[in-house]
Amino acid sequence: MPKYRIIVDLSHFQLYLLDVNRVIRGFPVGIGKMVTRTPTGTYFIINKQANPGGPYGAFWMGLSKPHYGIHGTNDPSSVGKQTSHGCIRMHNEDVLELAALVPIHTYVTIRT
C-alpha cells in the first residue's frame with residue numbers, strides 16, 4: 001500500500017498531502033481558468049523532472065491525465081487563483097518539498 005496520496009481541493013485552492021488517511025501538509029495552489037478547467041478525477045504521478053524550463057518553475061510532476069501536471073511557477077502571484085491552462089501550480093519551494101516526499105505512482109485525487 002502506498003505511503004502517501006494527494007488530494008487537490010479545487011474550491012479551496014489547496015493541495016493536501018496525506019499519509020494513509022491523515023493530512024500531514026497543505027499547500028496553496030493555482031488551478032485552471034474557467035475555459036481551461038483543471039480536470040477532476042483520480043490520477044497518478046507518471047514522471048518527475050527538476051528544472052523543466054518554461055513557465056513550469058522549479059519542478060514538474062506529470063499526471064496520468066495526458067498534458068496535465070503539478071508544477072512550480074515563475075509567477076508566484078498566480079497561486080491561489082484560477083490562472084492556469086488546467087495544471088496545478090505551486091510555489092517553487094512547495095513543489096520541491098512535495099516532490100522530495102512523493103514517488104512516481106502516487107495517487108492524486110482532484111475534486112471540487
(message) Which residues pass the side chain to side chain contact (heavy atoms under 4.5 Å, CB included) test with T112, not counting sequence neighbours?
(response) L10, T40
(message) How long is the straight-line distance from CE of M90 back to OG1 of T73, given to the nearest 0.5 Å?
(response) 11.5 Å
(request) Considering non-hydrogen atoms only, spot the tightest contact between G26 and Q14 and give its length. (result) C-OE1, 3.9 Å
(request) List for me each residue that meets side-chain hydrogen bond (donor to acceptor under 3.5 Å, both in side chains) alongside T42, sequence neighbours excluded, and say none if there are none. (result) T109
(request) Would you please name every residue forming a side chain to side chain contact (heavy atoms under 4.5 Å, CB included) with L96, sequence neighbours left out? (result) A58, F59
(message) Applying side chain to side chain contact (heavy atoms under 4.5 Å, CB included), can you list everything that pairs with Y56, at least two apart in sequence or on another chain?
(response) P52, W60, H71
(request) Write out all pairs satisfying side chain to side chain donor-acceptor pair (under 3.5 Å) with one or both partners inside residues 81-98, taking only residues at least two apart or from two chains. (result) R25-E97, S78-R89
(request) Look at the side-chain heavy atoms of Ile, Leu, Val, Met, Phe, Trp and Tyr, link any pair under 4.5 Å apart, and say whether V29 and Y4 land in one connected group. (result) yes
(message) Side-chain heavy atoms nearer than 4.5 Å, only ILVMFWY residues, links allowed to pass through others: does that put I24 and V8 together?
(response) yes
(message) Please check this pair: side chain of S64 against backbone of Y43, looking for a donor-acceptor N/O pair closer than 3.5 Å.
(response) no
(request) Identify, with sequence neighbours excluded, every residue that meets side-chain hydrogen bond (donor to acceptor under 3.5 Å, both in side chains) alongside N21. (result) R5
(message) I need the minimum non-hydrogen distance between G86 and P39, along with the two atoms involved.
(response) O-CD, 3.9 Å
(request) Begin from the C-alpha positions of I6 and L98 and carry the test side chain to side chain contact (heavy atoms under 4.5 Å, CB included) through to its verdict. (result) CA-CA 10 Å; I6 293 169; L98 181 65; 4.1 Å; yes
(message) Taking the side chain as everything from C-beta on, heavy atoms only, tell me whether I88 gets closer than 4.5 Å to I110.
(response) yes
(request) Say whether L18 and V102 are linked into one hydrophobic cluster, either directly or through other cluster members, by side-chain heavy-atom distances under 4.5 angstrom. (result) no
(message) Quick check on the hydrophobic clustering: are L101 and L15 connected, directly or via other members, by side-chain heavy-atom contacts under 4.5 Å?
(response) yes
(message) By the salt bridge (charged side-chain N to carboxylate O under 4.0 Å, His left out) test, which pairs, at least two apart or in different chains, include something from residues 26-54?
(response) none
(request) First locate atom OG1 of T36, then atom OH of Y68, and finally report the distance between them rounded to the nearest 0.5 Å. (result) 7.5 Å
(message) In this structure, would V95 and F13 fall into the same cluster of hydrophobic residues linked by side-chain contacts under 4.5 Å?
(response) yes
(request) To the nearest 0.5 Å, tell me how far R111 CZ sits from I7 CD1. (result) 4.5 Å
(request) Report yes if some heavy atom in the side chain of M61 is under 4.5 Å from a heavy atom in the side chain of T106; otherwise report no. (result) no
(request) Starting from V79, walk the hydrophobic network (Ile, Leu, Val, Met, Phe, Trp, Tyr; side-chain heavy atoms closer than 4.5 Å) and list everyone else you reach, by chain and number. (result) none
(message) Test of understanding: with salt bridge (charged side-chain N to carboxylate O under 4.0 Å, His left out), list the residues that count as partners of D75, not counting sequence neighbours.
(response) none
(message) Is any side-chain heavy atom of L63 closer than 4.5 Å to one of V108?
(response) yes
